[in-house]
**Student:** 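Got a structure for you, written out below as structure tokens; questions coming shortly.
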Amino acid sequence: MHLPPYTTLHVTVDAGIARIVLDNPPVNVLGGTLIRELHDLLARVRDERSVRVLVFSSANPEFFLAHVDIHILDEMEELKEIADRDPHLNLFQGVGELLRHQPQVSIIELAGTARAGGAEFVAAADMAFAARETARLGQTETLMGIVPGGGGTQYLRRRAGRNRALELLLTADAVDADTAAAYGWINRAVPAAELHAFVDDVARKIAALPPEVVAAVKRVVPPDDLSEDLRAEDAAWAELVSGDLPARLMTGALERGAQTPEGERSLETLMRAVAADV
């Protein structure tokens, strides 16, 4: 199949598997270009019967998707066309819901860190496998004065249960792969040295099935309808993000090194220091 020359995605297709490597240095933030290119790719492969599995990994072993780009609100006018495609979803929910309803089986190969919008992307996929020694997942939005706005509240509640979702949302702590697996956030933790081969084996087994079988399984195990809950999430996010506090917290985070490798390695500590000064 023919694909355009993406700048933040490296895509190869072989034996029914599209392998998609996310590459938006330095820390793989979910920015405007990456959002546009994900929308374009998922639309192009949606009706491609030769593709039965989508495997997402990262070009940066430390960061799968750090989080949504803190500067993204400055790009909203350029992203308006994408944001307007579904009037019932905001821009960030649109990414996760597009992936969640994709006809292909989507698999995350998580070697490094995924926070906030990155963690939402992981939870939107059909399956996720993570490196035991190096992977981390966190919903850190409350440290920025907001709630998750890309489906995270609802994805977490259904995967981990209300009590664990509240823990993860309100502590904003990043958890390791074993904890994420125990909570149901991901399928399982795998030794880092075995992760790529393990995911490849899962993908190959699925891709070897007849296309109509894969389609039937996805049809009879459908994603939940989250429409009302996502509207409530968006309303809560929009109310908070329009206030003064998130802007001050995000500015402070950038000044202290957010969206650099050094700052992102201990983002929770960085954000708590910012909050103490605001």
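What you see is a predicted model, and the numbers here were worked out from it, not measured in a lab. All heavy atoms count here, side chains included; hydrogens, waters and symmetry mates do not.
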**Student:** Is there a path from Leu54 to Leu22 through hydrophobic residues (I, L, V, M, F, W, Y) whose side chains come within less than 4.5 Å of each other?
**Tutor:**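 Hydrophobic grouping puts Leu54 with Leu22.
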**Student:** Looking only at heavy atoms, what is the nearest atom pair of Leu110 and Ala135, with distance?
**Tutor:** O-CB, 3.5 Å
**Student:** For Phe56 together with Phe64, are the ring centres under 6.0 Å from each other?
**Tutor:**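 No, the ring centres sit 6.0 Å or more apart.
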**Student:** Rounded to the nearest 0.5 Å, how far apart are OG of Ser57 and CZ of Phe129?
**Tutor:** 14.0 Å
**Student:** Answer yes or no: is there a donor N or O on one side and an acceptor on the other, between the side chain of Lys80 and the main chain of Glu75, under 3.5 Å?
**Tutor:**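 Between the backbone of Glu75 and the side chain of Lys80 there is no qualifying donor-acceptor contact (under 3.5 Å).
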**Student:** Heavy-atom count around Arg36 CZ within 6.0 Å, excluding the residue itself: above 12?
**Tutor:** yes
**Student:** Trp237 vs Phe92, test: ring-ring contact (aromatic ring centres under 6.0 Å, His included). Steps then yes/no.
**Tutor:** CA-CA 11 Å; Trp237 175 83; Phe92 313 113; 5.6 Å; yes
**Student:** Quick check: are there more than 12 heavy atoms from other residues, nucleotides or ligands sitting under 6.0 Å from CD of Glu228?
**Tutor:**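 For Glu228, atom CD is not crowded (no more than 12 foreign heavy atoms under 6.0 Å).
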**Student:** Could you go through the side-chain contact (heavy atoms from CB on, under 4.5 Å) check for Ile107 and Asp126 one step at a time?
**Tutor:** CA-CA 6 Å; Ile107 304 175; Asp126 293 319; over 6 Å; no
**Student:** Please tell me if the side chains of Val21 and Val11 come closer than 4.5 Å, counting only heavy atoms from C-beta onward.
**Tutor:**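 Not in contact.
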**Student:** Do any N or O atoms from the side chain of Gln104 and from the backbone of Val45 form a donor-acceptor pair under 3.5 angstrom?
**Tutor:** yes
**Student:** Do Leu98 and Leu91 share a hydrophobic cluster (ILVMFWY, side-chain heavy atoms under 4.5 Å, transitive)?
**Tutor:**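 Same cluster: Leu98 reaches Leu91 through Ile, Leu, Val, Met, Phe, Trp or Tyr contacts under 4.5 Å.
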**Student:** Treat each ILVMFWY residue as a node, draw an edge where side-chain heavy atoms are under 4.5 Å apart, and state whether Met76 and Leu89 are in one component.
**Tutor:**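 Different clusters: Met76 never reaches Leu89 through Ile, Leu, Val, Met, Phe, Trp or Tyr contacts under 4.5 Å.
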**Student:** Hey, is Arg158 close enough to Asp224 for a salt bridge, meaning N to O under 4.0 Å?
**Tutor:**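 Answer for the salt bridge query: yes.
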**Student:** Determine whether Arg115 and Leu267 satisfy the following criterion, side-chain contact (heavy atoms from CB on, under 4.5 Å), listing intermediate values before the conclusion.
**Tutor:** CA-CA 9 Å; Arg115 291 187 178 98; Leu267 183 65; 3.6 Å; yes
**Student:** Will you find, in the side chains of Glu233 and Gln154, an N or O donor that is under 3.5 Å from an N or O acceptor?
**Tutor:**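 Note: Glu233 and Gln154 side chains miss the donor-acceptor criterion.
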**Student:** Testing the 3.5 Å rule here: is there a donor-acceptor pair between the side chains of Tyr6 and Asp40?
**Tutor:** yes
**Student:** After noting the C-alpha distance and the side-chain angles of Val190 and Arg132, does the key distance pass the side-chain contact (heavy atoms from CB on, under 4.5 Å) rule?
**Tutor:** CA-CA 5 Å; Val190 178; Arg132 173 168 289 121; 6.0 Å; no
**Student:** Does any N or O in the side chain of Arg159 come within less than 3.5 Å of the main-chain N or O of Ala123, such that one atom is a donor and the other an acceptor?
**Tutor:** yes
**Student:** I'd like to check Asp23 versus Thr8 (side-chain heavy atoms, cut-off strictly below 4.5 Å). Are they in contact?
**Tutor:** no
**Student:** Just so I know, are the side chains of Pro246 and Met250 near enough to count as touching, which here means a heavy-atom distance under 4.5 Å?
**Tutor:** yes
**Student:** Side-chain contact test, heavy atoms from C-beta onward, threshold under 4.5 Å: evaluate it for Leu30 versus Ile35 and give yes or no.
**Tutor:**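 Yes, close enough: below the 4.5 Å cut-off.
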**Student:** Roughly how far apart are Ile70 CD1 and Leu254 CG, rounded to 0.5 Å?
**Tutor:** 4.0 Å
**Student:** Which heavy atom of Val122 sits nearest a heavy atom of Ala128, and at what distance?
**Tutor:**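 Answer, listing the atom of Val122 first, then Ala128: CG1-CB, 3.7 Å.
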**Student:** Could you state the interatomic distance from CD1 (Ile17) to OG (Ser50), rounded to the nearest 0.5 Å?
**Tutor:** 12.0 Å
**Student:** When you measure from the side chain of Thr260 to the backbone N and O of Gly257, does any donor-acceptor pair fall under 3.5 Å?
**Tutor:**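 At least one qualifying donor-acceptor pair exists.
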**Student:** Below 3.5 Å, can you tabulate the donor-acceptor pairs from side chains in residues 203-210 to any protein atom, sequence neighbours excluded?
**Tutor:**
| residue | atom | partner | partner atom | Å |
| --- | --- | --- | --- | --- |
| Arg204 | NE | Asp200 | OD2 | 2.7 |
| Lys205 | NZ | Asp201 | OD2 | 3.1 |

**Student:** Give a yes or no on whether the backbone of Thr7 and the side-chain of Glu37 come within a donor-acceptor separation of less than 3.5 Å.
**Tutor:**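 Checking the backbone N and O of Thr7 against the side chain of Glu37, a donor-acceptor pair under 3.5 Å is found.
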**Student:** To the nearest 0.5 angstrom, please state how far the CG atom of Leu270 sits from the CD atom of Glu255.
**Tutor:** 10.5 Å
**Student:** Atom NE2 of His39 and atom CZ of Arg44: how far apart are they, to the nearest 0.5 Å?
**Tutor:**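 Reported to 0.5 Å precision, the distance equals 14.0 Å.
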**Student:** Do the charged groups of Asp176 and Arg136 touch, with an N to O distance under 4.0 Å?
**Tutor:**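 Result for this pair is no, no salt bridge flagged.
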**Student:** Please name the pair of heavy atoms, one in Gly31 and one in Ile72, separated by the smallest distance, quoted to 0.1 Å.
**Tutor:**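 Between these two residues, the closest heavy atoms are C-CD1, 3.9 Å.
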**Student:** Given Leu65 and Glu120, is the side-chain contact (heavy atoms from CB on, under 4.5 Å) satisfied, shown in steps?
**Tutor:** CA-CA 10 Å; Leu65 278 176; Glu120 290 172 321; over 6 Å; no
**Student:** Return the CG to CD distance between Asp178 and Glu133, rounded to the nearest 0.5 Å.
**Tutor:**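 Output value for this atom pair is 9.0 Å.
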**Student:** Show the atom names and distances, to 0.1 Å, of all donor-acceptor pairs under 3.5 Å that link a side chain in residues 140-150 to residues at least two apart or in another chain.
**Tutor:**
| residue | atom | partner | partner atom | Å |
| --- | --- | --- | --- | --- |
| Glu141 | OE1 | Gln139 | NE2 | 3.0 |
| Glu141 | OE2 | Gln139 | NE2 | 3.1 |
| Thr142 | OG1 | Leu169 | O | 3.0 |

**Student:** Does Leu230 share a hydrophobic cluster with Leu99, counting links as ILVMFWY side-chain heavy atoms below 4.5 Å and allowing steps through other members?
**Tutor:**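 No, it is not one cluster - the side chains of Leu230 and Leu99 are not joined through contacts under 4.5 Å.
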**Student:** Compute whether any side-chain donor of one residue and acceptor of the other, for Ser58 and Asn60, lie under 3.5 angstrom apart.
**Tutor:** no
**Student:** What closest approach, in Å, do Ala177 and Ile186 show between heavy atoms, and which atom pair accounts for it?
**Tutor:** O-CD1, 3.6 Å
**Student:** Is there a donor-acceptor contact under 3.5 Å from the side chain of Glu109 to the main chain of Ala130?
**Tutor:** no
**Student:** For a 4.5 angstrom cut-off between non-hydrogen side-chain atoms, does Trp185 reach Leu156?
**Tutor:** yes
**Student:** Could you check whether any side-chain heavy atom of Gln259 comes within less than 4.5 Å of a side-chain heavy atom of Asp69, counting everything from C-beta outward?
**Tutor:** yes
**Student:** Inspect the contact between Asp173 and Arg272 and indicate whether a charged nitrogen and a carboxylate oxygen are less than 4.0 angstrom apart.
**Tutor:** yes
**Student:** Where is the tightest heavy-atom contact between Tyr155 and Gln93, given as atom of each residue plus distance?
**Tutor:**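 What the structure gives for the nearest pair is OH-O, 4.5 Å.
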**Student:** If Ile, Leu, Val, Met, Phe, Trp and Tyr residues are connected whenever their side-chain heavy atoms lie under 4.5 Å apart, and connections chain through other members, are Met271 and Val175 in the same group?
**Tutor:**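 Same cluster: Met271 reaches Val175 through Ile, Leu, Val, Met, Phe, Trp or Tyr contacts under 4.5 Å.
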**Student:** Please check if the number of heavy atoms outside Glu239 that lie under 6.0 Å from its CD is greater than 12.
**Tutor:** no
**Student:** Could you tell me if the side chain of Phe63 sits less than 4.5 Å from the side chain of Glu264, heavy atoms only?
**Tutor:** yes
**Student:** Could you tell me whether Glu97 and Arg100 have a side-chain N and a carboxylate O separated by less than 4.0 Å?
**Tutor:** yes
**Student:** Of all the heavy-atom pairs spanning Ala160 and Ala165, show the shortest one and how long it is.
**Tutor:**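 Heavy atoms only, the tightest pair is CB-N, 4.5 Å.
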**Student:** Under 3.5 Å, side chain of Thr171 to main-chain N/O of Glu167, donor-acceptor pair present?
**Tutor:**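 Yes, because the side chain of Thr171 sits within donor-acceptor range (under 3.5 Å) of the backbone of Glu167.
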**Student:** Quick one: list whatever passes side chain to side chain donor-acceptor pair (under 3.5 Å) with Asp234, sequence neighbours left out.
**Tutor:**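 If we apply the side chain to side chain donor-acceptor pair (under 3.5 Å) test to Asp234, skipping adjacent residues, the hits are Asn90.
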**Student:** Decide yes or no for Arg52 and Val105: does some side-chain heavy atom of the first lie under 4.5 Å from some side-chain heavy atom of the second?
**Tutor:**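 In short, these two side chains do not touch, never coming nearer than 4.5 Å.
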